[in-house]
Amino acid sequence: MYEFLQFVSSGMTVGAVYALVALGFTLIYNASDVVNFAQGEFVMLGGMTTVFLYDAGTPLWLAAVLAVMITATVGVLLNKLAVEPARGASVVSLIIITIGASIFLRGVAQIVFDKQIHRFPAFTGEDPITVAGAAILPQSLWVLMGGAAIFGVLYLFFTRSVIGKAVLATANNRLAAKLVGINTTAMMTLSFGLSAAVGALAGVLATPITLTSYDVGGGLALKGFAAAMLGSMGVPAGALVGGLLLGLIEAMTAGYISSDYKDAAAFIVILTVLFVMPRGLFGRAVAERV
Amino acid sequence: MRLSPRTWTLIILAVLIALAPVTFPSAFYFRIGALIFVNGLAVIGLVILFGYAGQISLGHAGFAGIGAYSAALMPMHLGLHPALALFAGAVLSGGLAFLIGRPILRLKGHYLAVATLGFGILVFIVLNNEAQLTGGPDGMAVEDLGLRAVSDALGLGLRTAEVWYWFMGLVLLLGAFLALNLHTSPTGRSLRSLHNSEVAARTLGVDVVRYKLTAFVISAVYASLAGSLQALLNGFVTPDVAGFLHSIEWVTMAVLGGAATVLGAVFGATILTALPQALTVFQEYEHLLLGLIIMLVMIFLPAGLLPSLGKTLRQGESI
């Protein structure tokens with residue numbers, strides 16, 4: 001039993017990171033219909049910037065805050081310099097642009113930082129806590145609580161604040177949002193900034209456990225995209241469920257079957273779900289307009 | 001006599017393949033040329049899938065992996081000649097595409113993208129993990145196709161890299177010829193009709209499911225052949241041939257060149273195969289520049305390099 005609990009706790013931790021990456025995909029997709037494959041690079045930038053600021057003598061909390069702000073700026077720049085000028089390009093062209101951006105950001109990180117693997121100390125100690133026989137890292141709790149807090153704050157933002165509702169309106173129908181006086185261009189920029197900040201936060205929370213280097217973004221983007229699709233692209237609750245499910249499947253496969261095939265299990269589940277529910281777990285049927 | 005665009009495309013390709021070696025200072029360039037043609041072949045397959053039928057795939061390197069490891073494993077375990085293994089791999093890939101195509105192609109847009117991506121990754125994982133058969137991440141050696149021996153027997157006096165260059169050039173021309181024929185055939189017209197609107201195509205009596213599957217199987221065979229040929233050319237294969245990055249590279253080549261045309265496919269393959277080789281002189285700035293160039297091309301020439309250049313040229317003429 002304690003073995004099962006152990007797998008659940010590690011699966012939830014990894015899953016929370018996937019869920020945050022998937023949420024990043026969802027935020028940008030909703031505002032702009034762009035699937036941003038540079039999403040993983042936001043996570044990398046969050047982790048790497050914190051590492052280098054911390055090593056330079058900045059207190060950890062300040063390094064983390066600065067890292068999130070810097071990454072959010074990168075997200076805004078990505079929108080302003082690469083996505084906005086290509087407005088009206090096909091979906092595949094926009095995907096290629098974000099793939100180009102992810103290669104570019106990786107190249108920049110390799111020069112500004114380095115090619116080593118890094119970490120910084122856990123926020124509150126490295127000694128595992130024992131719960132019902134399962135050892136849980138305190139940092140795992142930080143990831144889970146942090147992830148829950150981010151989802152909670154964003155939920156309140158989108159349902160209670162005027163700006164949040166304006167973003168939702170833009171996501172729903174851009175033309176209609178424009179007609180009622182919403183600055184949709186600004187909402188897109190805000191979404192990119194928010195999405196980058198969420199990614200960076202995931203990087204800051206997870207780095208003490210998962211470590212980071214300039215090239216961790218690609219794998220994370222893949223898993224985050226898969227999680228977002230599993231839970232239906234564009235649905236925040238879907239991102240949460242998809243991410244956690246993916247993490248749990250991986251942990252259970254690694255624990256009970258073979259760690260070599262944990263990624264395979266995740267994708268087999270995704271394919272099976274999509275064959276049965278072609279629009280993901282939370283998708284609604286949409287009629288195609290001719 | 002007026003030549004059709006199809007004939008023009010083939011003539012342009014043949015002339016470029018024939019004349020390019022004039023500028024080659026060393027055998028290394030023939031090797032790069034052969035690699036460009038290998039990628040070009042796979043990207044022509046993707047043009048049939050994206051450009052004709054409008055279906056996206058982020059997992060076609062999976063078929064390349066099947067092709068590559070067929071060429072590596074079948075001669076070793078079944079005693080097949082590598083040339084036969086290449087065709088056996090293509091049959092295997094086509095069959096698999098037929099089986100998984102039906103459920104996968106029910107999906108649309110990004111859901112189709114993630115499903116094909118998942119398929120490619122599954123192939124990669126199997127190749128990577130079944131180390132006793134495939135050698136795992138370290139890869140395995142591939143038997144010689146015997147092209148040099150044929151060339152020597154004919155008394156052509158060509159070096160190995162040169163033999164491969166001319167052989168792949170011919171294969172690419174053949175691949176382009178078949179794709180161009182398909183474009184104007186009834187099947188090609190049906191494919192292009194469902195690209196514009198599936199509902200409209202269905203209303204006109206096009207069997208949408210069948211034609212999507214046809215395009216998927218054809219493009220899988222192209223990818224498989226490209227994978228086999230790449231393995232035979234290198235004499236070595238690693239699971240990376242089936243990797244996600246390889247799929248993405250091919251998609252980028254197709255879109256960068258201009259997704260709807262055969263010539264664009266070869267152009268995209270040329271740029272993205274040669275560019276990383278050229279950028280290695282910039283050492284650690286290599287990735288930065290590659291990413292930057294991809295972004296700039298797609299921002300300023302969203303239809304792809306070749307169609308955009310063609311448009312500029314035509315405008316120039318009319319002025």
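Here is the naming used below: chain letters follow the sequence lines, and residue numbers restart at 1 for every chain.
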A:I99 vs B:I294 side-chain heavy atoms within contact, under 4.5 Å: no

Side chain, backbone, both or neither: which part of A:Y261 has a non-hydrogen atom closer than 4.5 Å to chain B? both

State, yes or no, whether a side-chain contact exists between A:I95 and B:H110 at a heavy-atom distance under 4.5 Å. yes

Give the member of B:L112, B:L117, B:V297 that has the highest number of heavy-atom pairs under 4.5 Å with chain A. B:L117

Proximal component of B:I121, with respect to chain A [non-hydrogen, under 4.5 Å]: side chain

Chain B interface, residue from A:I270, A:D263, A:I111 that has the most non-hydrogen pairs under 4.5 Å: A:I111

Looking at A:G107, A:A266, A:A101, A:G100, which one has more heavy-atom pairs under 4.5 Å with chain B than the rest? A:G100

For A:S232, is it the side chain, the backbone, both, or neither that has a heavy atom closer than 4.5 Å to a heavy atom of chain B? both

Please confirm whether the backbone N or O of B:N129 pairs with a side-chain atom of A:D260, one donor and one acceptor, at under 3.5 Å? no

Select one option (side chain, backbone, both, neither) describing which atoms of B:L289 are under 4.5 Å from chain A's heavy atoms. neither

Tell me, for A:I97 versus chain B, whether the close heavy atoms (under 4.5 Å) come from the side chain, the backbone, both or neither. both

Heavy-atom pairs under 4.5 Å with chain B, option from A:F37, A:F104, A:F225, A:Y29 with the top count: A:F104

Return yes if some donor-acceptor pair links the side-chain N/O of B:Y111 with the main-chain N/O of A:M233 below 3.5 Å, else return no. yes

For A:L222, which atoms come within 4.5 Å of any heavy atom of chain B: side chain, backbone, both, or neither? side chain

Chain A contacts, top residue of B:F124, B:F244, B:F300 (heavy-atom pairs, under 4.5 Å): B:F244

State the CG-CD distance between B:L288 and A:Q110, to the nearest 0.5 angstrom. 8.5 Å

Under a 4.5 Å heavy-atom cut-off, does chain A meet the side chain of B:L292, its backbone, both or neither? both

Heavy-atom donor-acceptor pair, B:R106 side chain to A:F275 backbone, under 3.5 Å: yes

